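Below is one structure, written out as structure tokens, with a few remarks after it.
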Amino acid sequence: MENQEKKRILSMYQCTGTFTLGNYLGALRNHIKLQEEGYDCVYALADLHALTVRQVPAGLRKYTKEAYAWLLAMGLDLEKTVFFIQSQVPQHSQLAWILNCYTQFGELSRMTQFKDKSAKHADNINAGLFTYPCLMAADILLYQADYVPVGADQKQHVEIARDIAERFNGIYGGTFTVPEPMIPKHGARVMSLQNPLSKMSKSDENQNGNISVLDDPDTIMRKFKRAKTDSGSEVRFGEGKEGVNNLMGIYAAVTGKSYEEIEREFAGKGYGEFKPAVAEAVIAELRPIQERYRQIVADKAFLEETYRAQAPRAQAIAQRTLSRVMKKVGLVI
Ligand code: TRP
């Protein structure tokens, strides 16, 4: 195990579409803050994971570059943080293969995401979908990560990464840091604006339910004005008011106001005033990032140079772990 002074955080993002407001408020914004909080951050775009579901090739490439530019626009600092594209660091695939051989069929069959995704994509239940957690374990273990910030849906994958690490360490002696899931302090869980019982998602069929981080102000305003609420009119957090609760959560996350403050601010005002106020706050939050984003994507050469330069940085870290693993299991290095 490596002797690092700072605790290492590792996170990766799938880039199969434009990030949503949910990705932004629930994860990305908090992860970017962690670089200022004394952690050693390693972040990447999980394009290999994206292949477990059939992608349009040009689309995947486009979304990957856009996602890269978006994180830079948010202020990801390459002096502090390593930020690369997974497929440009071949050690991920190499370690994933080895970990496949240390993971049981039964364990992988119990993964809820596998069960959900194979029900959803019944015509393409490929081996990659099944061994997805081994690739994710490789992502984490290669960098000897201490913490992996994840939402509830990925917690089981961090747990299996821990199990694999402990099993391997048990057989061969200390090799991997056993990672811990990190549940972010301020991680907002943003729900669909059209169906506040399900999470906001880029794959939502109803595009009015999700706000993309690249939506223009008029689109954001229109989507918030159409957001599903309930038959009441009081801006108050409560049971049966999932739509309003979600809007309050978004407003709170963006403005930093507490629910009590929001209730006071909109006392007697109704949804008709609250919805556009949430939209305005979101527009103001995204505007400066969208401006920087547009400058970055316009400079293709800069963007390409930047992500290419990150791959060797990641490879250097990853190879140390991979070489150790190869030696331990008996491969010739
Ligand atoms: N599976 C994660 C998701 O869909 C993405 C991911 C891939 C990841 N590798 C990772 C997250 C390693 C954390 C750590 O959101």
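For ligands, and for the atoms within them, numbers begin at 1 and follow the listed sequence. All values reported here derive from a predicted model rather than from experimental measurement.
- Residue, atom and distance of the protein heavy atom nearest to atom 5 (C) of ligand 1 are Met12 O, 3.5 Å.
- Residue Tyr132 has at least one N or O atom closer than 3.5 Å to an N or O atom of ligand 1.
- Every atom of ligand 1 is numbered from 1 in the order shown, and the set under 4.0 Å from a heavy atom of Val148 is 13 (C), 14 (C).
- Here is the list of ligand 1 atoms found below 4.0 Å of a heavy atom in Leu10: 12 (C), 14 (C).
- Using the six-membered ring where Trp is involved, Phe84 and Tyr143 have ring planes that are tilted, between 30° and 60° apart.
- Ligand 1 does not have Tyr13 within reach: every non-hydrogen atom of the residue lies 4.0 Å or more from it.
- Residue-to-ligand polar distances place Asp139 within reach of ligand 1: an N/O pair is separated by less than 3.5 Å.
- Each of the following atoms of ligand 1 lies closer than 4.0 Å to a heavy atom of Ala46: 7 (C).
- Within ligand 1, counting atoms from 1 as listed, the ones closer than 4.0 Å to a heavy atom of His49 are 7 (C), 9 (N).
- A salt bridge links Arg308 to Glu304: one of the charged nitrogens lies within less than 4.0 Å of a carboxylate oxygen.
- In this structure, a donor-acceptor pair under 3.5 Å is absent between the side chains of Asn210 and Thr20.
- Aromatic ring orientation, Tyr259 versus Phe237: parallel (interplanar angle below 30°, classes split at 30° and 60°).
- A donor-acceptor contact shorter than 3.5 Å is absent between the side chain of Thr52 and the backbone of Leu129.
- For Gln154, every heavy-atom contact with ligand 1 shorter than 4.0 Å involves the side chain, none the backbone.
- A donor-acceptor contact shorter than 3.5 Å is absent between the side chain of Gln154 and the backbone of Ala152.
- Salt-bridge annotation for Asp40 and Lys7: absent, with no side-chain N of the basic residue lying under 4.0 Å from a carboxylate O of the acidic one.
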